[in-house]
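Here the structure comes first, spelled out in structure tokens, and everything after it is commentary.
When reading the values below, keep in mind they use all heavy atoms of this one structure, side chains included, and skip hydrogens, waters and symmetry mates. This one's a predicted model, so the numbers in the text were calculated from it and none came from an experiment. Numbers restart at 1 for each chain; the letters A, B, ... are given by sequence-line order, proteins then strands.
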Amino acid sequence: MLTYIVRRLLAMVPVLIGVSIIVFLFIHMIPGDPAVAILGERATPESVARMRTELGLDKPIWEQYFIYIGNIFQGDWGRSIRSNTPIIDEIRVKFPATAELAIAAMIIALLIGLPAGIISAARRNSLFDSTAMFVALIGVSMPVFWLGLMLAFLFSVALGWLPFSGRLDSTLVLQTKTGFMVWDALMTANWNALGNSFAHLILPAVTLSTIPMAIIARMTRSSLLEELGQDYVRTAKAMGFNERRVLLGHAMKNASLPVVTTIGLQVGALLSGAILTETIFSWPGIGRWIFSAIQARDYPIVQGAALLITLVFMAVNLLVDISYAFLDPRIRYH
Amino acid sequence: MEDTALISQQTMARNTFFRQAFRRLWSSGSARLGLFMVVFLVLVAVIVPLAWPYNPKTDSELTQRLQQPSWSHPFGTDNQGRDIFRRVAHGAPISLRVGLLAVAFGLLVGTVLGMISGFFGGWLDSVIMRIMDIILAFPATLLAIAIVATRGPGLENTMFAIGIVSIPGYARIARSMVMTLIEREYVSAARAIGVAPIVILFKHVLPNGLSPLIVQSTLNIASAVLEAAALGFLGLGAQPPQPEWGAMLSDSYKFLTVGAWWPVLFPGLAIMFTVLGFNLLGDGLRDALDPRMVVKSRRF
């Protein structure tokens, strides 16, 4: 088991190096001088020269790369051009907002997607199955941001039930400790803030959950159907085991490997989708931050946030790989 | 002579295979629906620019701003008084072109890389596949956004970025295809009589392993259209006043708060129609061609 984990970790090293090189080169891939790209076309030659020294652009490129990596490890992720604040500080504030949104979306996706997939497989070709799979197909065929806009129009503008933007009404005060507003409100027993932050969370979380939900439902159904066709399921049924137990206890357990993989991959989709969802709902997280940084050509932010998101994505995929070993003992000894 | 006879036999077998596959495709209701949707879109994309020319720059009629759908404007008008129906129709060729070209680019590069990887093996295989792993380590949309951010907004760069992101998927399929087919007797025979590797790959291996690539490409057209719309919405794809569906959404979503839902609803429905069509067709093709090698399509 331990050797398996170590092997997975070692396999990640070349990929990590590759990712860090690409993220490092991001600033260099912008056409023209990175210093000019950062300062803008109207910058004076002196300020450009100063910026070049500051960024270390006068050094050979491989040396710049090692300096960049060294800085990353020391927590120096660069500074925003606009506000000159250290990027790592902004990440500390903005990442919890994105994490709260992504976790809420994943919970919704799992709560609806998994049962929908299981029931569809158990009652194959039933009305429920065809309806659920049609809805799931619509779900993966829809632009997420468009769904978000239509939901916002319906529930916020037309019906006035839910707030359109932000995380908390400006009239409310909440002591944030973790940055997860719903959690903080719960812990401090601030019921007003709890209800309010929860209401703010619903629309963006539902929007963000659609694609993972649809894909999880489809994947659960197809891998469960594959298991239900196996001999052991027929044997178990023939031996008179309770159908539900065969389905959930035996078949689902074996079908869970591809489902877990899908869930892991969907975390990447959630983090990417957050760029659009956060922009629509003015959610103050990493996604909206990246978008506004691209518009303002604040490239160090784009670089830092892209590195963060990719690292989180890789970490989740590593966890998925490790969870295989728990789910399927054969992998441990392979 | 014998060589040509063998090849024509192969060709015949392939023709029958694709004819049967088409019959299977046609027998599935949802695949047929997808095929109709795609054919409809292609017809719109070809006919509309010819039969109903449109210049997006001279289209504003400010007296007609944000009109509700009516007989004269079936989809209403946008904030510059432009007829949304007309703009949605003229968006079809743009989105189809982006989808097709991005997929063609990714398919070409990915397939060639994957085939080289699978055929030659060794260090070349390791290097190519590690690079593919690195591309896959980035969430797809994020990578596409970053590529467009460095190269500047616009449709060409959108297609390029979406194509790059899809390369690893094709490379993996093509690699596993080559590794399976290379064991076949006809490939060993071709090798034994000294046929050049490149001829073997493109004349004998590729045509026999096309099915999974066709399925993956069809599904990827769907995700490419979605991706292009997302980039357009973020202002990184097609630039106004081009009637690209994502850019149209980005132009008009601010007016939702004043109750104007139609400039947002219709371009979105057009995107959904297109993506749904290709998804239905792709799912149908997968069942019809039954390629067990299809790697799970990368969804964005």
Could you tell me which non-hydrogen atom of A/Gly18 sits nearest to which non-hydrogen atom of B/Ile134, and how far apart they are?
CA-CD1, 3.5 Å
Flag the pair B/Leu142 / A/Phe313 as yes when at least one side-chain heavy-atom distance between them is below 4.5 Å, and no otherwise.
no
Specify the closest pair of heavy atoms between B/Pro139 and A/Ser272, including all atoms of both residues, with the distance to one decimal.
CB-OG, 3.1 Å
Please determine, among B/Gly152, B/Ala146, B/Gly277, B/Pro153, the option with the most heavy-atom pairs under 4.5 Å with chain A.
B/Ala146
Could you pull out the closest heavy-atom pair between A/Ser141 and B/Leu226, with the gap in Å?
O-CD2, 4.1 Å
If you tally heavy-atom pairs under 4.5 Å against chain A, which of B/Ile131, B/Leu236, B/Thr150, B/Ile271 wins?
B/Thr150
For chain B, which residues from residues 151-159 of chain A lie under 4.5 Å away (heavy-atom distances)?
A/Phe153, A/Val157
B/Leu265 versus chain A, the contacting section by heavy-atom distance below 4.5 Å:
both
Report the option among B/Gly235, B/Ala229, B/Ala144, B/Pro267 that has the most heavy-atom pairs separated by less than 4.5 Å from atoms of chain A.
B/Ala229
Give me the atom names and distance for the closest heavy-atom approach of A/Ile22 to B/Phe138.
CG2-CZ, 3.8 Å
Could you tell me whether the side chain of B/Thr141 reaches within less than 4.5 Å of the side chain of A/Ile275, counting heavy atoms only?
no
Structural part of B/Ala222 lying under 4.5 Å from a heavy atom of chain A
neither
Bottom line for A/Val302: the part with an atom under 4.5 Å from chain B's heavy atoms is neither
Closest heavy-atom pair and its distance - B/Val264, A/Trp146:
O-NE1, 2.9 Å
Go through the atoms of A/Ile17 and report whether side chain, backbone, both or neither lie under 4.5 Å from a heavy atom of chain B.
neither
For A/Phe26, is it the side chain, the backbone, both or neither that has a heavy atom under 4.5 Å from a heavy atom of chain B?
both
Passes side-chain contact (heavy atoms from CB on, under 4.5 Å), A/Leu137 versus B/Leu280? Steps please.
CA-CA 8 Å; A/Leu137 192 65; B/Leu280 284 169; 3.2 Å; yes
